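Atom set for the values below is all heavy atoms of this structure, side chains included, hydrogens, waters and symmetry mates excluded. Chain letters run A, B, ... following the sequence lines, proteins first, then strands; residues in each count from 1. Since the model is a prediction, treat every value here as computed from it, not as a measurement.
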There are 2 protein chains.
Amino acid sequence: MNPKTGRSTIRQVASAAGVSTQTVSRVINGRPDVSADTRRRVQTVIDELDFRPSALARSLISQRSYTLGVVTSGLRHTGPSRTLSGITESASEAGYALLLEELPRFDMDDPTSIFHALLARHVDGVIWAVPEVGNNRSWSARLPEGLQLPIVYLTMEPRQNISVVSINNYMGGRLAMAHLIEQGYRYIGHITGPLDWWEARQRMAAWKDAIQEAGMDACAECWAEGNWSSASGAAAAKKLFDRFPKIDSIFVGNDQMALGVLSATPDIGSKAAERLGIVGFDNIPESAYFRPALTTVQQDQFNVGKVAVEEITRMIDSSWQGQEPTEPKSIMLSPSLIVRSSSRRLQNGEGEISK
Amino acid sequence: MNPKTGRSTIRQVASAAGVSTQTVSRVINGRPDVSADTRRRVQTVIDELDFRPSALARSLISQRSYTLGVVTSGLRHTGPSRTLSGITESASEAGYALLLEELPRFDMDDPTSIFHALLARHVDGVIWAVPEVGNNRSWSARLPEGLQLPIVYLTMEPRQNISVVSINNYMGGRLAMAHLIEQGYRYIGHITGPLDWWEARQRMAAWKDAIQEAGMDACAECWAEGNWSSASGAAAAKKLFDRFPKIDSIFVGNDQMALGVLSATPDIGSKAAERLGIVGFDNIPESAYFRPALTTVQQDQFNVGKVAVEEITRMIDSSWQGQEPTEPKSIMLSPSLIVRSSSRRLQNGEGEISK
DNA sequence: GTGAAAGCGCTAACAT
DNA sequence: ATGTTAGCGCTTTCAC
C-alpha cells in the first residue's frame, strides 16, 4: 500500500504472490496462458490487498483511455441535461468513463482550449453536445488535419465530412402545423426561439412553408421572436394580438414560451385570445398540466445522447482496428406530436393522442 | 508526432531544441532555473510542434490528477442538473477536470463499483451529488479506513465525521408555513414528496411543527404523500379535499406537484378549492407563469454545486500539504421565500416579494 | 543553468 | 506457463 494514495501496485501483488508482474498482468486481463493454480494464488493476493489496476498507467501504455470527452452547455435547461443523461447511461454500458466540460456560453467560436484539456487526458473521442448557435460551429471545418480524434456533433445542421446526430426540428414544425390546419385554424401565427439558434430557424421554416403551401398568405408576417423564456412568450403573444387581431392560433417555439402565452391570454381579454389554438415544442413534463393542457411536439433528447454514444464508440472501434476512419454520417431522429386540449376546436375532454 | 495519436512528446521537443527533456519540463512548468535564451528556443519548438504535455503521464508521476469524480443521479430533474452546472463552473475555475458518473437509481446502497472506477482513474476527490433516499447513505459510515480520498456529500442529513453541503429544507418549510399563517390561512394541509427522501421528510417536519406551534390541531392529519410528479400532486389534492373539505391552503412539497394541484382545483368544483392558498418548493422557472402565479420556496441548487467544489478543493489542498485531514464540516445553505399570487388572501396584483 | 539516471504503474515483445 | 527487458510520457533526484 502506498500510504499516500491508499493504493497497492502490481509489483506488491507480484512479490506477495511470488510471481512476476507480468503474470499478475495476465491474471487481471483474463489472459488464457496462466495455470489454474497460479491464477488462483494471484487472485487471492489481489483480493487480500484490494488491488485494482491503475487505469492511468494502462491508458498511458495502451494509448487508449476508454474515456469520452463530453462538451455541453446550458445544463440548467432540460434539453442539454436529458441528452447528457442519455450519454451517461450508454457510456456506462459501453464501458467508457466521461470527462465533462460545460461551456459558459453557447456561442463560443474557439474550442481550442477545450480540446487541449480533453486531449491532454487522452480521451478516445468527443461528443460535442452544444446546440448550434450563431457561428459556433464554423471551426469544425478547419480542425487540424492531423487530429486523429473521432468527434460526434449534436443538434446542428448536417455538414459534409462530419458526424451529426440531431432531432428533425423541421419535421416537428410540420407536424405541429399540419395538426393546426387539420383542426380548422386559418390564421396561424408563430413565436420563434432566438433566431441565431439553428433549431429555432428550422421550426420557423416549417411554419413558413406550411403557411405558404396552405395558401394562408394573410398570416405570412404574423410572427415574433422570443428567447425561449416564458416571459418572452407572454410578450410576443401580446405583440401578435396587437398587430394581428384576427389570429386564431399560434405555433410556439417551445413549451416554456407557450406557457407564457397561456398566462398572457386572460389579460388580452378578447374572445379570440380565449379560444386561441396553441401548439408548443419539447413536451416538458409540466406541459400536460398546463390549463389548457398543451399540445406539443415531443423530442426524445435522451435518445440523442444514446445514439451519440453508439456512433462515437463505433468510430473509435473502427479507427482502433487500423481501418480507415468510417464515413461520417448524419442521423436525424424523428419527433412526434402529442395532442392535448390546447389545440382542439372541439374541446372534447383531456385525453392524449400521440401520432 | 506519433502518427497514431497525433501527439508530440517531450522527447521530440527536446531533441528538436537541442536540449534535454528535463529542460523542456522546466520550461513547460515555468521553473525559474532556465536561461532566457534557452527558454525562448524551447518555447518556439513547443509552438511549432504544437506540443502539449500529457496530463496522464503527469498524474501518474505526481500522484495528483487534478480530476474530481462527480456522482449524480436523475439528471433529467432540474435540481441535480443545476447542481452539476454549479460544479462544472467552479471546477473549471479551480483548474479541475470532472469525471462524471450517473447512478441509474437514487437508492443504490453499494457504491463500491463506482468508487473503484473513479479510483482507477486517480481522482483527487469525489463529490457525491446524489440526494439521500432510503438508506442509500448507510455505507458512508463504513468506508475503508485506509481510503485517503476526500469526499463531499450533497443533500443529506449532516452526520459525524463527513463533509456535507445541503439546503436547509426544514427552514424552507418554516418560511412557507409562516407566510401562510401570516396570510390568515387556518387549515393548512401538506402534500409531501416521497417520504423515503430526506428532503421530503424535512419539509414535512417543518409543516408539522408549524401546525403544532400555531395550535392548528384540526389539520394535523391533513396530509398526503406524492412522488414529486404533477400527476401525484393532482391526485393528492383530490384526496385531501375529499377527506378535509374545510382545507383552505396547502403547502406542497415541490412546484411540479403544486402545478398538479392547480390543474385539479377546477374539477373539484368547491369555492374553497377556488380560493385555495398554495405554496410550492423549488422555484422552477415556470412557476412564475402558472395561473395563479405560484408562491414558492427558492433553493439555489447551482450554489450547492459551487460550495461543494470549494469544499473539496480545500480538503484536497490540505491533505496534499501533508496536513492532517481537515475537520469534516456540514454546510447548510438557506432557501428564501418568493411570494406570488397563489398564496395571497387579498389578490392584489402579480408583483413578487422575496424575503 | 543544464543533464543523466531512475521510476510512476502498467503492458508488449520476446525470451525460456 | 512464466519471466525479462524495454518503454508509454513525464518529473524527481542528484550530479556537474
| field | B:Glu311/B:Lys329 under salt bridge (Lys or Arg N to Asp or Glu O under 4.0 Å): CA gap, chis, key distance, verdict | value | CA-CA 9 Å; B:Glu311 275 306 293; B:Lys329 68 173 173 185; 3.8 Å; yes
| said: Please list all pairs meeting salt bridge (Lys or Arg N to Asp or Glu O under 4.0 Å) that have one or both residues in residues 14-31 of chain B, counting only residues at least two apart or in different chains. | reply: B:Arg26-B:Asp33
| Going by heavy atoms in the side chains, are A:Leu103 and A:Val130 under 4.5 Å from each other? | yes
| field | Candidates C:dT11, C:dC8, D:dC8 - which lies nearest the side chain of B:Gln63 | value | C:dC8
| Does the side chain of A:Arg52 reach to within under 4.5 Å of the side chain of B:Leu119, using non-hydrogen atoms? | yes
| query | Judged by modelled atom types alone, do B:Arg82 and B:Asn303 share a side-chain donor-acceptor pair under 3.5 Å? | reply | no
| Verdict with supporting geometry, B:Thr112 and B:Asp110, side-chain hydrogen bond (donor to acceptor under 3.5 Å, both in side chains) | CA-CA 6 Å; B:Thr112 320; B:Asp110 182 15; 2.3 Å; yes
| task | Using atom CZ of B:Arg11 as one end and atom P of D:dC10 as the other, report the distance to the nearest whole Å. | result | 9 Å
| said: Whole angstroms only, please: what is the CZ-P distance between B:Arg58 and D:dC8? | reply: 18 Å
| Whichever of A:Ser62 and B:His122 has its nearest DNA chain C nucleotide further upstream toward 5' | B:His122
| query | Counting side-chain heavy atoms from CB outward, which of D:dG9, D:dG7, D:dA1 is closest to A:Ile61? | reply | D:dG7
| query | Once the angle between the rings of A:Trp139 and A:Trp128 is folded into 0 to 90°, is it parallel (under 30°), tilted (30 to 60°) or perpendicular (over 60°)? | reply | perpendicular
| said: Measuring from the side chain of B:Ile10 (C-beta onward, heavy atoms only), which nucleotide among C:dT2, C:dC10, D:dG9 has the closest atom? | reply: D:dG9
| Any donor-acceptor pair under 3.5 Å from A:Thr23 side chain to A:Val19 backbone | no
| field | Close residues, residues 29-37 of chain A, relative to DNA chain C [heavy-atom separation under 4.0 Å] | value | A:Asn29, A:Arg31
| said: Counting the atoms with a prime plus P, OP1 and OP2 as sugar-phosphate, which does A:Ser59 contact under 4.0 Å by heavy atoms, base, sugar-phosphate, or nothing? | reply: nothing
Dump every N/O contact between nucleotides 3-5 of chain D and the protein below 3.5 Å, one line per pair.
unit_1 : atom_1 : unit_2  : atom_2 : d
D:dG3  : OP2    : A:Ser20 : N      : 2.8
D:dG3  : OP2    : A:Ser20 : OG     : 3.1
D:dG3  : OP2    : A:Thr23 : OG1    : 2.8
D:dG3  : N7     : A:Arg26 : NH1    : 3.3
D:dG3  : O6     : A:Arg26 : NH2    : 2.6

| query | Which is true for B:Ser54 with a 4.0 Å heavy-atom rule: it touches a base, it touches only sugar-phosphate, or it touches nothing? | reply | sugar-phosphate
| request: Might you work through the side-chain hydrogen bond (donor to acceptor under 3.5 Å, both in side chains) test for B:Asp47 and B:Gln43, ending with a clear yes or no? | output: CA-CA 6 Å; B:Asp47 295 342; B:Gln43 189 59 55; 3.1 Å; yes
| said: Reading DNA chain D from 5' onward, which residue's closest nucleotide shows up sooner: A:Arg41 or B:Phe51? | reply: A:Arg41
| request: From the options C:dG7, C:dG9, C:dC10, select the nucleotide whose nearest atom is closest to the side chain of B:Leu60. | output: C:dG9
